> 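Have a look at this one.
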Amino acid sequence: MKKLFALVLFSSFVLASSQDLERFRKLMQQAEHSDSASKTLFEDSRRSYDSSRKPIALAFFALGNFLMAKHSTNPITQYYYFSKGQKVLEEAVRKDPKNLEIRFIRFMSQDQAPAVLGYRSDLAADRKFILSEMKRTSDAYLIRKIKSYFKM
């Protein structure tokens, strides 16, 4: 009976995690042009990380910070969100350096960050990692996004 309960509990956790990931990916696409989607991604990913402690939730929280910076009109607020996003994303990479999606999120963030902010130090290493590891993943969504981003 204990094994069955543990299996049900584990299955519920895995299902919730995959649903979070799908929701965050969808919000990421919408947040590019939507302030409200940015806020939802920011808040939901923070809550997800607080409860799960998963580095991928932390990476989406970082992305939420970058998108909040993008939609802000106040330069001080923009810089605050950008700096927070940078710090949080580096923590996510440090916690799970072999995670393809986290490295892809960092690549896209650095690639699109204004050069004046100086957040571009990992572009070459991340690009090499992404193109190498993409061949080993079975995540069709991630492969499609990477191929689209790199115009492959």
Side-chain angles (χ1 to χ4, degrees), residues 9-10 12-139 141-150:
L9 187 63
F10 178 74
S12 299
F13 181 74
V14 169
L15 182 60
S17 295
S18 65
Q19 289 174 342
D20 277 351
L21 186 58
E22 285 181 35
R23 192 163 40 89
F24 294 154
R25 286 174 170 176
K26 188 173 182 179
L27 283 168
M28 179 177 70
Q29 292 174 333
Q30 296 169 345
E32 180 73 21
H33 305 289
S34 166
D35 182 40
S36 66
S38 297
K39 287 178 184 170
T40 303
L41 177 63
F42 175 84
E43 293 167 358
D44 289 1
S45 58
R46 181 177 56 195
R47 265 194 300 276
S48 177
Y49 179 70
D50 287 345
S51 64
S52 72
R53 310 309 283 176
K54 289 191 167 208
I56 189 65
L58 193 58
F60 276 101
F61 177 57
L63 189 58
N65 274 278
F66 290 134
L67 290 163
M68 292 291 285
K70 177 182 177 180
H71 292 295
S72 175
T73 55
N74 181 326
I76 295 171
T77 304
Q78 286 178 325
Y79 187 73
Y80 168 79
Y81 279 121
F82 181 83
S83 297
K84 175 94 176 179
Q86 181 180 358
K87 181 179 170 188
V88 170
L89 187 52
E90 292 305 317
E91 184 181 342
V93 172
R94 202 172 31 258
K95 288 182 178 219
D96 194 358
K98 303 272 186 213
N99 185 304
L100 178 59
E101 189 156 16
I102 293 174
R103 298 285 292 268
F104 183 53
I105 288 171
R106 183 169 72 177
F107 180 85
M108 289 187 306
S109 299
Q110 289 190 359
D111 191 42
Q112 295 175 22
V116 69
L117 295 172
Y119 186 50
R120 295 177 165 240
S121 59
D122 301 297
L123 279 171
D126 283 348
R127 181 183 178 96
K128 183 177 178 183
F129 177 84
I130 291 163
L131 295 177
S132 169
E133 293 300 313
M134 183 179 77
K135 299 169 190 161
R136 297 184 188 154
T137 188
S138 59
D139 187 330
Y141 170 87
L142 192 53
I143 292 170
R144 192 174 58 250
K145 292 302 285 185
I146 291 169
K147 284 184 173 180
S148 173
Y149 196 83
F150 288 113

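The model shown is predicted, which means the values in this text are computed figures rather than measured ones.
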> To check you understand the geometry: which heavy-atom pair defines the closest contact between Gln110 and Ser121, and what is its length?
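Result for this residue pair: OE1-N, 3.6 Å.
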> For a quick test of reading the model, state the closest non-hydrogen atom pair linking Arg103 to Asp126 and the distance between them.
NE-OD1, 2.6 Å
> Ala37 and Leu27: which non-hydrogen atoms are nearest, and at how many Å?
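Result for this residue pair: O-CD2, 4.0 Å.
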> Would you sort out whether Met28 and Met108 count as a side-chain contact (heavy atoms from CB on, under 4.5 Å), showing the intermediate values?
CA-CA 12 Å; Met28 179 177 70; Met108 289 187 306; 4.3 Å; yes
> Excluding sequence neighbours, so at least two apart, what forms ring-ring contact (aromatic ring centres under 6.0 Å, His included) with Tyr80?
none
> Tell me, please, which residues at least two apart from Phe104 pass ring-ring contact (aromatic ring centres under 6.0 Å, His included).
Tyr149
> Over 60° means perpendicular and under 30° means parallel, so tell me whether Phe61 and Phe42 are parallel, tilted or perpendicular.
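Aromatic pair Phe61/Phe42 classed tilted.
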> With sequence neighbours excluded, tell me which residues meet salt bridge (charged side-chain N to carboxylate O under 4.0 Å, His left out) with Arg144.
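With sequence neighbours excluded, Arg144 shows a salt bridge (charged side-chain N to carboxylate O under 4.0 Å, His left out) to no residue whatsoever.
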> Test side-chain contact (heavy atoms from CB on, under 4.5 Å) on Ile146 and Thr137; report intermediate values, then the result.
CA-CA 11 Å; Ile146 291 169; Thr137 188; 6.0 Å; no
> Mind checking salt bridge (charged side-chain N to carboxylate O under 4.0 Å, His left out) for Arg23 and listing every partner two or more places apart, or none if nothing turns up?
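So Arg23 forms a salt bridge (charged side-chain N to carboxylate O under 4.0 Å, His left out) with Asp20, Asp44.
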> Quick one: CG on Asp96 to CD1 on Ile102, what's the gap to the nearest 0.5 Å?
4.5 Å
> Could you pull out all residues at least two apart from Leu131 that satisfy side-chain contact (heavy atoms from CB on, under 4.5 Å)?
Arg127, Phe150, Met152
> Calculate, to the nearest 0.5 Å, the distance between atoms CD1 and CG belonging to Ile130 and Leu142 respectively.
8.5 Å
> Nearest 0.5 Å, please: how far is NE2 in His33 from CG in Leu67?
10.5 Å
> Report yes if the side chains of Phe107 and Leu123 come closer than 4.5 Å at any heavy-atom pair, otherwise no.
yes
> Looking at residues at least two apart in the chain, or sitting in another chain, which of them share a ring-ring contact (aromatic ring centres under 6.0 Å, His included) with Phe129?
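Phe129 satisfies ring-ring contact (aromatic ring centres under 6.0 Å, His included) with no residue once adjacent residues are dropped.
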> List the steps, then state whether side-chain contact (heavy atoms from CB on, under 4.5 Å) holds for Phe60 with Leu41.
CA-CA 7 Å; Phe60 276 101; Leu41 177 63; 4.2 Å; yes
> Stepwise, does the salt bridge (Lys or Arg N to Asp or Glu O under 4.0 Å) test hold for Arg136 with Glu133?
CA-CA 5 Å; Arg136 297 184 188 154; Glu133 293 300 313; 3.0 Å; yes
> So, using side-chain contact (heavy atoms from CB on, under 4.5 Å) as the criterion, who are the partners of Ser36 when residues are at least two apart?
Ser34
> Which distance, rounded to the nearest 0.5 Å, do you find between the CD1 of Ile105 and the CG of Leu100?
10.0 Å
> If the condition is side chain to side chain donor-acceptor pair (under 3.5 Å), which residues does Asp50 pass it with, not counting sequence neighbours?
none
> What's the verdict on side-chain contact (heavy atoms from CB on, under 4.5 Å) for Asn99 and Ile56, showing C-alpha distance, side-chain angles and the deciding distance?
CA-CA 8 Å; Asn99 185 304; Ile56 189 65; 4.2 Å; yes
> List for me each residue that meets salt bridge (charged side-chain N to carboxylate O under 4.0 Å, His left out) alongside Lys39, sequence neighbours excluded, and say none if there are none.
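Testing Lys39 for salt bridge (charged side-chain N to carboxylate O under 4.0 Å, His left out), a comparison that skips the adjacent residues, returns Asp35.
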> Which residue pairs pass the salt bridge (Lys or Arg N to Asp or Glu O under 4.0 Å) test with at least one member in residues 80-94, sequence neighbours excluded?
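Matches after skipping sequence neighbours: Glu90-Arg106, Glu91-Lys95.
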> Taking salt bridge (charged side-chain N to carboxylate O under 4.0 Å, His left out) as the test, write out the residues that go with Asp139, two or more places apart.
Arg25
> Is the shortest side-chain heavy-atom distance between Tyr141 and Leu21 below 4.5 Å?
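No, side chains not in contact.
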> Hey, does Tyr81 have a side-chain heavy atom less than 4.5 Å from the side chain of Phe66?
no
> Could you note down all residue pairs passing side-chain hydrogen bond (donor to acceptor under 3.5 Å, both in side chains) where residues 69-79 supplies at least one of them, sequence neighbours left out?
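Qualifying pairs, neighbours excluded: Glu32-Lys70, Ser38-His71.
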> From Met134 CE over to Lys147 NZ, what is the distance, rounded to the nearest 0.5 angstrom?
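Spacing of CE (Met134) from NZ (Lys147) equals 5.5 Å.
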> Distance check, rounded to the nearest 0.5 Å: Arg120 atom CZ versus Ser109 atom OG?
11.5 Å
